[in-house]
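All values derive from a computational prediction rather than experimental measurement. Order of appearance sets the numbers: ligands from 1, and atoms from 1 within every ligand. Basis for what follows: all heavy atoms, side chains included, without hydrogens, waters or symmetry-related copies.
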Amino acid sequence: MAQDGQRTLAALVGSTPIVELRNLSPRPGVRLFAKLEGQNPSGSVKDRIAVAMLDAAEESGALRPGATLVEASTGNTAIALAALAPRRGYRVRVVLPKGIVPSIADILDLYGAEIEWCEPEAGMRGAIRRVQELAEQPGYYAVGQFSDPANVRCHYATTGEEIARAMERVDVFVAGIGTGGTITGVARRLREQWPDVQIVGVEPRLGERLQGLRSLSEGYIPPLLDLGLLDRRFLVDSASAIAAARDVMRAEGVFAGVSSGAALHTALRVAEGMESRNIVMMFSDGAWKYLPSRPWDATGADAEALDEVHWW
Ligand SMILES: Cc1ncc(COP(=O)(O)O)c(C=O)c1O
């Protein structure tokens, strides 16, 4: 329990629960466990890195009091910064490509972040360019979740540590790959405890969008991702991820986001032919912010419709 002096929002980040998904287990010996990152204060795993990156930047002196943080994330990292950074005296400015899920902009706006739109054709590359421009101006600081080692370090020290302590044994760990921070940090910690743990990365199928995740096949290898730690990579299509997210709500009552569905879909494929294994999956966020765009309606209907929305 937090001491009185620690009753801050940041003190609530991490220490997320792990729930066993008994109804979705394909065979009695195959046990599925989901780490529920949606329980973090702003609703996703990214609260962890927001705190860690701000701590590191303050410590190094790179981040000065009163600065405006700039970020080109189209989702959870921006939301985490918008929720947590103002508590420490920073303003947050987020550059977003037009066409992203509208609820993301609403959430950022409600938290008080400034939003700057860029043309959708420029996509995330355009947004990143704009952030670099801003970061060259005095008073701005670019948060670099794709390059900041604090990202991996915090997943090693918190997410990985929590799983290692909570579980008697982990045979398989499944996580989506965005920056690669989660899978790299957690895999390092779990390998210390269980050297033969199988590490499985989840990516969107080429040309498809899954919020928060990147396809390595598109040619971008996130610099923080240690590919040598991965035993397998799974490519998941949006429709399967969305269908699996619905399954987990119906079968288990867990309100899982789309990348959680992708992790579950992957875990069930990996479990094929296994008799007795503990599989831990990252459920990186809940489903709330996806509700306004109704992804569940699109599955099984017109597959084209899935591609028209920038899920993330
Ligand atoms: C919902 C969701 N799942 C998974 C990930 C991937 O995590 P990481 O960036 O640590 O690889 C992200 C990252 O943005 C995300 O937003």
For the side chain of [X] and the backbone of [Y], is there at least one donor-acceptor N/O pair under 3.5 Å apart?
| X | Y | answer |
| --- | --- | --- |
| Arg233 | Leu216 | no |
| Glu20 | Leu32 | no |
| Asn278 | Arg169 | yes |

Problem - Geometric N/O contact Asn76 with ligand 1, under 3.5 angstrom - result: yes

Exercise for the section: Please confirm whether Thr77 comes within less than 3.5 Å of ligand 1 when only nitrogen or oxygen atoms on both sides are compared. Expected result: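 Such a contact does not occur with ligand 1.
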
Residue-level breakdown please: for [X] versus ligand 1, do any non-hydrogen atoms fall below 4.0 Å on the side chain, on the backbone, on both, or on neither?
| X | value |
| --- | --- |
| Thr182 | both |
| Leu213 | side chain |
| Lys46 | side chain |
| Thr179 | both |

Run the numbers for me: atoms of ligand 1, each under 4.0 Å from some heavy atom of [X], listed by number.
| X | answer |
| --- | --- |
| Ser259 | 1 (C), 2 (C), 3 (N), 4 (C) |
| Gly181 | 10 (O), 11 (O) |
| Ile177 | 11 (O) |
| Asp285 | 1 (C) |
| Ser284 | 1 (C), 2 (C), 3 (N), 4 (C) |
| Gly176 | 6 (C), 11 (O) |

Handout entry: Minimum side-chain heavy-atom gap Leu134-Val95 below 4.5 Å
Key = yes

Exercise for the section: Let me see the working for Arg87 and Asp47 under salt bridge (Lys or Arg N to Asp or Glu O under 4.0 Å), right down to the final yes or no. Expected result: CA-CA 13 Å; Arg87 318 279 76 76; Asp47 283 352; over 6 Å; no

Practice task
Tell me yes or no: between the side chains of Thr184 and Arg153, is some donor less than 3.5 Å from an acceptor?
Solution key: no

Practice task
Taking atom types as modelled, find out whether Tyr90 and Glu58 have a side-chain donor-acceptor pair closer than 3.5 angstrom.
Solution key: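 Note: Tyr90 and Glu58 side chains meet the donor-acceptor criterion.
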
Practice task
Give the minimum heavy-atom separation between Val248 and Ala256, together with the two atoms involved.
Solution key: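 Minimum heavy-atom separation between Val248 and Ala256: CG1-CB, 3.4 Å.
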
Problem - Basic-acidic side-chain contact under 4.0 Å: Asp226, Arg188 - result: yes

Handout entry: Sub-4.0 Å heavy-atom contact, Gly180 with ligand 1
Key =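 Flag set, Gly180 near ligand 1.
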
